[in-house]
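Dropping a structure here in structure tokens format, bear with me for questions.
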Amino acid sequence: MNNADVAELLKGIDLFSKLTEAQLEQLISLVEPKDFCRDETIILEKDESVQALYLIASGEVKVYMTDSDGKETILSLLGRGDFFGEMSLIDGEPRSASVKAVTAASLLVIRREHFIQLLRSTPELSISLLIEMCMRLRKANRHIGSLSTMSVFGRVGGTIMNLIQEKGVRVHDGSGNMVTVIRNRPTQQQLAEMAGTTRETVSRIFSGLVKKGSISVAGKDLIIYDENFLEDKDLKE
Ligand code: CMP
């Protein structure tokens, strides 16, 4: 990855959108590229040797927690332009979750001391970081809400709703109707790990939603025709 590629990537990241050209130049000189293979662990939950913040140049990673039985819950799937590893850098606590590459991934690494120095010298960066952290907290709140009040159908539906809010794109479906598309959708196994259920249950719920005409799957796209499907009483159990 050359400097021009790095500059293009950094400019496209919301977190850095308020930086001046000079501040961007400084940032470019601080990041170090690092590649990870599919399934390689990047951050381990509870690790105390916290060194860096990571930006995703390409590929996809999952942020997850593992319970005492080894069962994984996916907190988030992140892709190009997303960042992770900021929490421990800021509060000095051990890593709050694990992060693993889901595909081969190229990351840019910013060492802790450089990131902290950048935060101190660039108030705009601190505000952008707070905005992103608020978005993540809102998403986590929606998820907690769906866990405590809903059936498994509600949890899977709530997970799809979160994806719609996070990365849904409104497009025409070719027959004059507007639909929502989630590109590069999570697999049914990943959705199950996000919603705290099994792949078989997600598959059953998907079949019901497809039969009702609420959603369809086309390759890596998940198409949502009716965002009110959570209200559909027939599908609830
Ligand atoms: P840190 O705790 O340093 O290391 C694990 C990282 O996972 C954490 O920083 C965040 O960047 C990221 N992370 C933790 N929880 C969430 C979440 N709920 N949503 C998205 N990212 C998260």
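Fair warning: this is a prediction, and the values are worked out from it, not measured in the lab. We count ligands from 1, going down the list as the structure has it; atoms in each ligand are counted the same way. Keep in mind that the numbers below use all heavy atoms, side chains included, and drop hydrogens, waters and symmetry copies.
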Practice item. Indicate whether the side chain of Arg38 and that of Thr103 have a donor and an acceptor atom separated by less than 3.5 Å. Key: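 Arg38 vs Thr103: no donor-acceptor pair found between side chains.
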Pairs under 3.5 Å, nitrogen or oxygen of ligand 1 with protein nitrogen or oxygen:
residue	atom	partner	partner atom	Å
ligand 1	2 (O)	Ser88	OG	3.2
ligand 1	2 (O)	Ser96	N	2.8
ligand 1	2 (O)	Ser96	OG	2.7
ligand 1	3 (O)	Gly85	O	3.3
ligand 1	3 (O)	Ser88	N	3.0
ligand 1	3 (O)	Ser88	OG	2.6
ligand 1	3 (O)	Arg95	NH1	2.6
ligand 1	9 (O)	Met87	N	3.4
ligand 1	11 (O)	Gly85	N	2.7
ligand 1	11 (O)	Glu86	OE1	2.6
ligand 1	11 (O)	Glu86	OE2	3.4

Point to revise | Any side-chain donor near an acceptor of the partner, Gln117 and Glu113, under 3.5 Å | key: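 Looking only at side-chain atoms, Glu113 and Gln117 do not form any donor-acceptor pair under 3.5 Å.
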Practice item. Find out whether Ser98 and Leu44 are in side-chain contact, i.e. whether some heavy atom of one side chain is under 4.5 Å from a heavy atom of the other. Key: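 Yes, at least one pair of side-chain atoms sits under 4.5 Å.
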Review point. Quick one: does Glu193's side chain get under 4.5 Å of Tyr64's, heavy atoms only?
Key: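 No, every pair of side-chain atoms sits at 4.5 Å or beyond.
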Review point. Would Arg136 and Glu132 pass as an ion pair if we require N to O under 4.0 Å?
Key: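 A salt bridge links Arg136 with Glu132.
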Practice item. Indicate yes or no: at least one non-hydrogen side-chain atom of Leu118 is less than 4.5 angstrom from one of Gln26. Key: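 The answer is yes; the side chains approach within 4.5 Å.
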